[in-house]
Every structure is written in structure tokens, then in C-alpha cells.
Enquirer: 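Below you'll find the structure I mean.
Residue numbers start at 1 and run along the sequence shown. All values derive from a computational prediction rather than experimental measurement.
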Amino acid sequence: MGTVSSRLPVFPWDRLEPYKATAAAHADGIVDLSVGTPVDPVPALVQKALTDAADSPGYPTVWGTTALRDALTGWAERRLGATGLAHTNVLPVVGSKELVAWLPTQLGLGAGDRVAHPRLAYPTYEVGARLAGAEPVVYDDPWELDPAGLKLLWLNSPSNPTGRVLSAEELRRTVAWAREHGVLLFSDECYIELGWEADPVSVLHPDVCGGSYDGIVSVHSLSKRSNLAGYRAAFLAGDAAVLGELLQIRKHGGMMIPAPVQAATVAALGDTEHVGEQRERYARRRTALREALEAAGFRIEHSQASLYLWATRDESCWDTVADLAKRGVLVAPGDFYGTAGERFVRVAFTATDERVDAAVRRLAQ
């Protein structure tokens, strides 16, 4: 029973529990800025679509309804600038974390295969490789990787945890390199609608991919843009051959989005007003926390996009975590995302306005 779990690192968030207890003991309660979980309401039109589809007694399909596939291709064309997308170029998935964790296994990767991800990265890229028995490798610049045995290359722009945004030229160069060496490229773009000091570009944009989706797939989520983390609504767009293979595998595995969630996804992708309103909330919180952190002696690096500030006081991340926990503020230690983050903390601005205001006051003390 322990054979597969023994391949995996210790679940990082368990290490944060003592600091969470310290922060929770604050007289005015905890301000949890550690996990970027949405706290604002699910948009009313999305809730209505979900409840209107509540009487769904039959099995949904893995590929989703025609309306869902229309919504996915339409959004990708409007928002990402992708051209000529057909239904075969999209695939709904049960939340992006599920996809990241199980993608190497579903691609048939295993011993002797290599999966590359950024040196500072969402831990699930490594977990996915290890679950499949493949070897995870890290990079600073992907085109400097040794392509031998490399089967899957992860990009992440905007980045979690750093908020760094890759330029169109960097993306274009990486796509060309991956194609030259026959490496499948997956680009995690779940924060693409949350650019602050940069305008993130998708690998599906014709300026990057040349109008061809061969060998590239982008990953998208409604968790952040529409406050739907609890709905587990995400999707892929890109190479039809790759998505067709995944569709067949996922049919056998029963990996289907519930029918009411499919309907909610259609509603969410068809509306931009709620996205703009949520961006305004996050922008206010981001500005308040950034100013408070800098006034308290922190330096902010990257952080051009996403829902986080990548902050440092040039000390061990755990010393920073401990100090802030005493003030009732919980943040994520940077080494959760790789040893290169050991002197940084990730500060989410997904707390309520009231809790963000509390954090600002405490940082000033």
C-alpha cells in the first residue's frame, strides 16, 4: 500500500500547521494569506446556471456537452487569440490539479522518461512525474535542457509562486525548441486573466505557435477568474491528437465533470463582467498588501501577475513565516516551491477586504 506514496515528497502544507496554530491564536484571529483560495461569492449567473441544471440524473460525458465545447473554443479564441479551434482542440478536466498530477501517467510515461518543470514551481508538476515513475527535472531556461529522454515539458506563465510572466519571444523560442526535439509542451496558464504589470500571452496565440497547435497544449482553470475552486472546473486546449488520446483514456477512467458544473462553466466563460469586478477586488488587495510589505522592509520580486506577491527580507523563509505567524498572519514558505525559494515567502491576496486590512495594520506594528 505504501509503494506509490513512498515516491512522493512529504505533503508540504502539513509542515505549516504549527505556524497556522500560532497565527490562529492571535486575539483578532488569523489572516490566512498562505493558500490562494477564493473567498468572494460565486457570481450569481453561475450559481443560477448550476441550480438550473441540478436535475441531471444521467451520466455526463467526459468530452462535455456541445454547449460546453462551444464555450471553451469561443473563450480561447476571444481571450487567447487562438485561431481555427475545433471541438477536437478542447477537453474539459476535473480541476487543473487533477490534470497536472495524472498527466504523465495518462501519457504512458514511466521509468526512463523525464518530465521538466521550472526550478521554482507548483509542487504538483514533480508529484505527477513521480506518480508515473518518471524522473522530474528542473530548469531555469527550458531551451538549455538536455532533450534526451525528455517527454514532457511544463511551462507556467503567469508563474505560481513568483508571478513571473514569460514574454511572447520566450514562449516562441520554447515552442520551437520543443518541436525541434519532439518534446510535448504543456503550458499552465491558469492565471492568464490576472496580469497586473504585464499582459500574459498564451502559447496558443499565433504569434507564439505560428497558427499550429502541433505538440502544444494549454491548461486553464475557472477557479481564480470566476471564484469556482469548489466547482473543479478546468480545461485543456491545443493539439487535437494529444487531447484525443487523453479523451479515450479519461473515458475509461470515468473522469467527467458533473453536468451542473458543465452548465456553470458555460455561463462563466460567456460573461466578462464578473471577471472585471473580481479583478478590481484583487487589485485593491494587492496594492494594499504590497505597500504594507514594502513599508515593513520586504522586497517584492516578479509578481507581475497571478494572485500572489513573491516577497523576501533576505532571511530564511521559515524565519519570516514564524515572525508573521506571531502577528497572526500566515504566509507560504518559498521552499514549498523549490530550494531556490528558501529566502522568499508567497503572500496571497485572496483574503477578504476586512482580513487584508487587518494584515496591513499588523505589518505596520
Enquirer: If you measure from CD on Glu135 to CD on Glu126, what distance do you get to the nearest 0.5 Å?
Expert: 11.0 Å
Enquirer: Do the side chains of Leu289 and Leu194 join up, straight or via other hydrophobic residues, at under 4.5 Å, putting them in one cluster?
Expert: yes
Enquirer: To the closest 0.5 Å, what do you measure between OG1 (Thr174) and CG (Leu145)?
Expert: 9.5 Å
Enquirer: Would you please test His26 and Val329 for side-chain contact (heavy atoms from CB on, under 4.5 Å) and show each step?
Expert: CA-CA 9 Å; His26 191 279; Val329 178; over 6 Å; no
Enquirer: Within a reach of under 6.0 Å around CH2 of Trp63, are more than 12 heavy atoms found that belong to other residues, nucleotides or ligands?
Expert: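 Count over threshold, so yes.
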Enquirer: Regarding Arg79 and Glu189, does a basic nitrogen lie under 4.0 Å from an acidic carboxylate oxygen?
Expert: no
Enquirer: Write down the atom of Arg250, the atom of Val94, and the distance for their closest heavy-atom approach.
Expert: NH2-N, 3.6 Å
Enquirer: If the threshold is 4.0 Å, N to carboxylate O, is there a salt bridge linking Asp357 and Arg361?
Expert: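 Salt bridge between Asp357 and Arg361, a charged N being under 4.0 Å from a carboxylate O: no.
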Enquirer: Does some side-chain heavy atom of Leu309 sit less than 4.5 Å from a side-chain heavy atom of Phe298?
Expert: no
Enquirer: To check you understand the geometry: which heavy-atom pair defines the closest contact between Asn227 and Val42, and what is its length?
Expert: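 Heavy atoms only, the tightest pair is O-CG2, 3.4 Å.
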Enquirer: Do Leu269 and Arg225 make a side-chain contact, defined as non-hydrogen atoms from C-beta onward lying under 4.5 Å apart?
Expert: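 Answer yes - side chains close enough.
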Enquirer: Tell me whether Arg172 is salt-bridged to Glu169, with the criterion being a basic N under 4.0 Å from an acidic carboxylate O.
Expert: yes
Enquirer: Step by step, work out the side-chain contact (heavy atoms from CB on, under 4.5 Å) result for Asp188 and Tyr125.
Expert: CA-CA 10 Å; Asp188 181 345; Tyr125 303 134; 2.7 Å; yes
Enquirer: Parallel, tilted or perpendicular, judged at 30° and 60°: which one describes the rings of Trp318 and Tyr19?
Expert: tilted
Enquirer: Does the pair Val175 and Leu185 meet the rule for a side-chain contact (heavy atoms from CB on, under 4.5 Å), with working shown?
Expert: CA-CA 7 Å; Val175 168; Leu185 187 155; 4.2 Å; yes
Enquirer: Within the structure provided, determine whether Tyr139 and Asp146 are in side-chain contact (heavy-atom separation under 4.5 Å).
Expert: no
Enquirer: Looking at Gly195, is its backbone amide N or carbonyl O close enough to the side chain of Arg279 to form a donor-acceptor pair, meaning the two atoms are under 3.5 Å apart?
Expert: yes
Enquirer: Check whether any side-chain heavy atom of Ile216 lies under 4.5 Å from a side-chain heavy atom of Arg179, and answer yes or no.
Expert: yes
Enquirer: So, His274 and Ser226: side-chain donor and acceptor under 3.5 Å apart, yes or no?
Expert: yes
Enquirer: May I ask you to decide if Phe336's main-chain N or O and Arg15's side chain share a donor-acceptor pair within less than 3.5 Å?
Expert: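 Flag not set: sc Arg15 to bb Phe336 has no pair under 3.5 Å.
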Enquirer: Establish whether Ile30 and Val345 are linked, either directly or via other cluster members, by ILVMFWY side-chain heavy-atom contacts under 4.5 Å.
Expert: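 Yes, Ile30 and Val345 fall within the same hydrophobic cluster.
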Enquirer: With hydrophobic residues grouped by side-chain heavy-atom distances under 4.5 Å, do Phe235 and Leu204 end up in a single group?
Expert: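 Both belong to a single hydrophobic cluster.
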Enquirer: Would you say Gln262's side chain and Ile257's backbone share a donor-acceptor pair under 3.5 angstrom?
Expert: yes
Enquirer: Rounded to the nearest 0.5 Å, how far apart are CG of Leu246 and NZ of Lys251?
Expert: 12.5 Å
Enquirer: Return yes when atom CZ of Phe11 has more than 12 non-hydrogen atoms of other residues, nucleotides or ligands closer than 6.0 Å, and no otherwise.
Expert: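 Yes.
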Enquirer: Under 4.5 Å between side-chain heavy atoms, hopping through other hydrophobics if needed: is there a path connecting Val219 to Leu155?
Expert: no
Enquirer: Do Tyr337 and Asn160 touch side chain to side chain, with heavy atoms closer than 4.5 Å?
Expert: yes
Enquirer: Please confirm whether Trp196 and Tyr282 have ring centers closer than 6.0 angstrom.
Expert: no
Enquirer: For Ala101, does its backbone N or O pair with a side-chain atom of Thr124 as donor and acceptor, under 3.5 Å?
Expert: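 Pair absent, no side-chain N/O of Thr124 close to backbone of Ala101.
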Enquirer: Please report the closest heavy-atom contact between Val183 and Leu150, naming both atoms and the distance.
Expert: CG2-O, 3.5 Å
Enquirer: Would a line drawn from the ring center of Tyr191 to the ring center of Tyr308 be shorter than 6.0 Å?
Expert: yes
Enquirer: Flag the pair Trp154 / Tyr122 as yes when their ring centroid distance falls below 6.0 Å, and as no otherwise.
Expert: no
Enquirer: Would you say that Phe186 contacts Leu236 through its side chain, given a criterion of any heavy-atom pair below 4.5 Å between the two side chains?
Expert: yes
Enquirer: What are the two closest heavy atoms between Cys190 and Ser221, and how far apart are they?
Expert: SG-CB, 3.5 Å
Enquirer: Are Arg355 and Val39 side-chain neighbours, meaning at least one heavy-atom pair lies under 4.5 Å?
Expert: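 With C-beta onward as the side chain, the pair stays apart.
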Enquirer: Determine, using the 4.5 Å side-chain heavy-atom cutoff (strictly less than), whether Leu307 and Leu120 are members of one ILVMFWY cluster.
Expert: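 Same cluster: Leu307 reaches Leu120 through Ile, Leu, Val, Met, Phe, Trp or Tyr contacts under 4.5 Å.
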Enquirer: Going from SG on Cys317 to CZ on Arg346, what distance comes out if it is rounded to the nearest 0.5 angstrom?
Expert: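 Spacing of SG (Cys317) from CZ (Arg346) equals 12.5 Å.
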Enquirer: Please round to the nearest 0.5 Å and tell me the distance separating atom OG1 of Thr320 and atom CZ of Arg313.
Expert: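 Between atom OG1 of Thr320 and atom CZ of Arg313 there are 5.0 Å.
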Enquirer: Is it true that a side-chain atom of Thr287 and a backbone atom of Arg285 form a donor plus acceptor pair closer than 3.5 Å?
Expert: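 No; judged by distance alone, with no hydrogens or angles, the pair does not exist.
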Enquirer: Flag yes if more than 12 heavy atoms outside Asp28 fall under 6.0 Å of its CG atom; otherwise flag no.
Expert: yes
Enquirer: Using the salt bridge (charged side-chain N to carboxylate O under 4.0 Å, His left out) rule, pick out the option among Glu291, Glu280, Glu197 that qualifies with Arg286.
Expert: Glu197
Enquirer: Looking at Thr88 and Ala240, would you say the former's side chain and the latter's main chain have a donor-acceptor pair under 3.5 Å?
Expert: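 Not confirmed, Thr88 side chain does not pair with Ala240 backbone.
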Enquirer: Indicate the atoms forming the closest heavy-atom contact of Gln278 with Lys224, along with that distance.
Expert: CG-O, 4.5 Å
Enquirer: Taking all heavy atoms of Tyr231 and all of Ala264, pick out the closest pair and write down the distance.
Expert: CE2-CB, 3.8 Å
Enquirer: Could you go through Glu98 and Arg232, starting from their C-alpha distance and side-chain angles, then the distance that decides it, and tell me whether this counts as salt bridge (Lys or Arg N to Asp or Glu O under 4.0 Å)?
Expert: CA-CA 9 Å; Glu98 171 264 305; Arg232 310 314 302 137; over 6 Å; no
Enquirer: Looking at Gly341, is its backbone amide N or carbonyl O close enough to the side chain of Asp335 to form a donor-acceptor pair, meaning the two atoms are under 3.5 Å apart?
Expert: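 Not at all, since once roles are kept as given, no pair shorter than 3.5 Å links the two residues.
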Enquirer: Would you say CD of Glu273 has more than 12 non-hydrogen atoms from neighbouring residues, nucleotides or ligands within 6.0 angstrom?
Expert: no
Enquirer: Do Leu33 and Phe349 make a side-chain contact, defined as non-hydrogen atoms from C-beta onward lying under 4.5 Å apart?
Expert: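 SC-SC contact between Leu33 and Phe349 ruled out.
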Enquirer: Check the pair Thr66 / His87 against side-chain contact (heavy atoms from CB on, under 4.5 Å), numbers first and verdict last.
Expert: CA-CA 8 Å; Thr66 300; His87 283 190; 3.9 Å; yes
Enquirer: Would you say Arg69's side chain and Gly64's backbone share a donor-acceptor pair under 3.5 angstrom?
Expert: yes
Enquirer: Which distance, rounded to the nearest 0.5 Å, do you find between the OG of Ser34 and the CG of Leu324?
Expert: 11.5 Å
Enquirer: Any sub-3.5 Å donor-acceptor pair from Asp239's side-chain atoms to Gly215's backbone N or O?
Expert: yes
